[in-house]
Amino acid sequence: MPELPEVETVRKTLEPLLINHKITNIRIFLNKIVKNPDILTFKSKIVGQTIHKVERKAKLIIFVLDDDVLLSHLRMEGKYYYQKKDEKINWKHVLLVLDLDNDYQLRYHDTRRFGTFHLQNKKTYQSLKPYTNIGPEPWNELVTVNYLKEKWNNKKQKVKTALLDQNIISGLGNIYADEVLFAAKVHPETPVNKLSSEDLNAIISNAIKILKLSIELGGSTIATYTSSLGIKGTFQNHLQVHTRVNQPCFICQNIIKKIKVNNRGTYFCSYCQTKK
DNA sequence: GTGACCACCTGGCCGC
DNA sequence: TGCGGCCAGGTGGTCA
């Protein structure tokens with residue numbers, strides 16, 4: 001599933017292919033993926049606009065057009081394919097197709113059909129959802145020990161759950177939250193108000209380190225996820241705990257455990273990551 | 001206001 | 001072989 005590094009890989013792959021190309025037609029095969037505006041307005045507004053940039057905020061891809069922005073969230077299994085208009089594919093899971101002013105199409109493919117699209121005005125989208133639901137990324141200067149203390153001081157939420165809350169720190173999903181907590185030596189069920197300054201500092205610094213390394217390596221290719229054009233990341237070869245249940249910890253050789261934290265599969269080493 | 005839980009959705013896997 | 005049930009997980013909504 002795409003998390004921040006995988007989405008960045010998709011963005012980097014798509015941008016050079018799409019820049020300065022006009023959208024000449026759009027087909028939507030599942031109306032519910034368009035969250036706003038309504039389908040007719042969405043279609044009529046997007047056709048004729050040129051793609052000027054492909055940006056990203058956390059896991060949200062932002063196609064910057066003439067007047068509007070197209071905000072795309074891949075959720076669990078969304079993928080983009082840039083293919084010739086006459087290239088045959090299995091259309092079963094293609095939910096949206098943008099025709100471009102060349103021989104190519106941008107095809108959005110999503111087997112679980114969780115992905116979402118918003119078309120919003122370029123001048124105002126930064127003050128609207130879903131953009132406003134996304135907090136700063138870990139390397140943003142706003143993310144400091146004091147920032148997390150302020151956000152988490154009176155909360156008893158488990159740190160694993162808190163790291164998945166995109167309002168506080170954005171970009172971490174289930175895989176990277178496990179990896180960050182292992183690197184920071186913090187048990188995933190630790191209440192956030194029990195975290196010390198050292199814990200918070202370790203969480204921030206390891207989130208930056210791990211996400212940046214994963215971006216360099218093209219993200220993780222786990223189970224069903226590959227980026228557009230079939231590019232595969234290699235960060236999964238660096239995973240310390242995620243998916244490694246019943247295997248020895250690379251640090252202490254204890255067995256990696258798997259538990260559910262708020263119904264999310266969570267991998268950790270009970271020796272390296274002690275409970276407080 | 002907070003935290004836990006559920007729905008969305010489909011493919012893969014496992015046990016019978 | 002085929003079927004049923006479970007699991008995976010990002011996000012938004014609901015409920016206690």
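Order of the sequence lines sets the chain letters (A, B, ...), proteins ahead of strands, with each chain counted from 1.
Under the stacking definition used here (centres under 5.5 Å, planes under 30°), the residue A:F114 qualifies as stacked on the base of B:dC8.
For the pair A:K185 and A:D199, the salt-bridge criterion is not met [side-chain N within less than 4.0 Å of a carboxylate O].
Under the rule for a salt bridge (charged side-chain N to carboxylate O under 4.0 Å, His left out), A:K59 has no partner lying at least two apart in sequence or in another chain. A:R11 is linked by a salt bridge (charged side-chain N to carboxylate O under 4.0 Å, His left out) to A:E8, A:E15, counting only residues two or more places apart in sequence or in another chain. Every residue two or more places apart in sequence or in another chain that forms a salt bridge (charged side-chain N to carboxylate O under 4.0 Å, His left out) with A:E55 is listed here: A:K53. A:H73 meets the ring pair (Phe, Tyr, Trp, His ring centres under 6.0 Å) test with no other residue; sequence neighbours excluded.
Checked against C:dG9, C:dT11, C:dA8, the side chain of A:H242 finds its nearest nucleotide in C:dG9. When distances are taken from the side chain of A:R113 to each of B:dC9, B:dA7, C:dA8, the shortest belongs to B:dC9.
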Worked check of ring-ring contact (aromatic ring centres under 6.0 Å, His included) between A:F63 and A:Y80: CA-CA 13 Å; A:F63 298 91; A:Y80 280 105; 5.7 Å; yes

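With rounding to whole Å, A:K260 atom NZ is found 12 Å from B:dC5 atom C1'. Straight-line distance from the NZ atom of A:K79 to the P atom of C:dG10: 15 Å, rounded to whole Å.
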Can you pull every protein N or O that's under 3.5 Å from an N or O on nucleotides 2-4 of chain B?
residue, atom, partner, partner atom, Å
B:dG3, OP1, A:K156, N, 2.6
B:dG3, OP1, A:Q157, N, 3.2

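Within 4.0 Å of A:N174, counting heavy atoms only, lie sugar-phosphate atoms of the nucleic acid but no base atom.
Distances shorter than 4.0 Å separate some side-chain N or O of A:N133 from OP1 or OP2 on C:dG12.
Although no hydrogens or angles enter the test, the distance criterion places a donor-acceptor pair under 3.5 Å between the side chain of A:R244 and the main chain of A:Q240.
Summary for the helix from B:dT2-C:dA16 to B:dC16-C:dG2: the axes at its two ends, each from 5 pairs, differ by 60° when rounded to the nearest 10 degrees.
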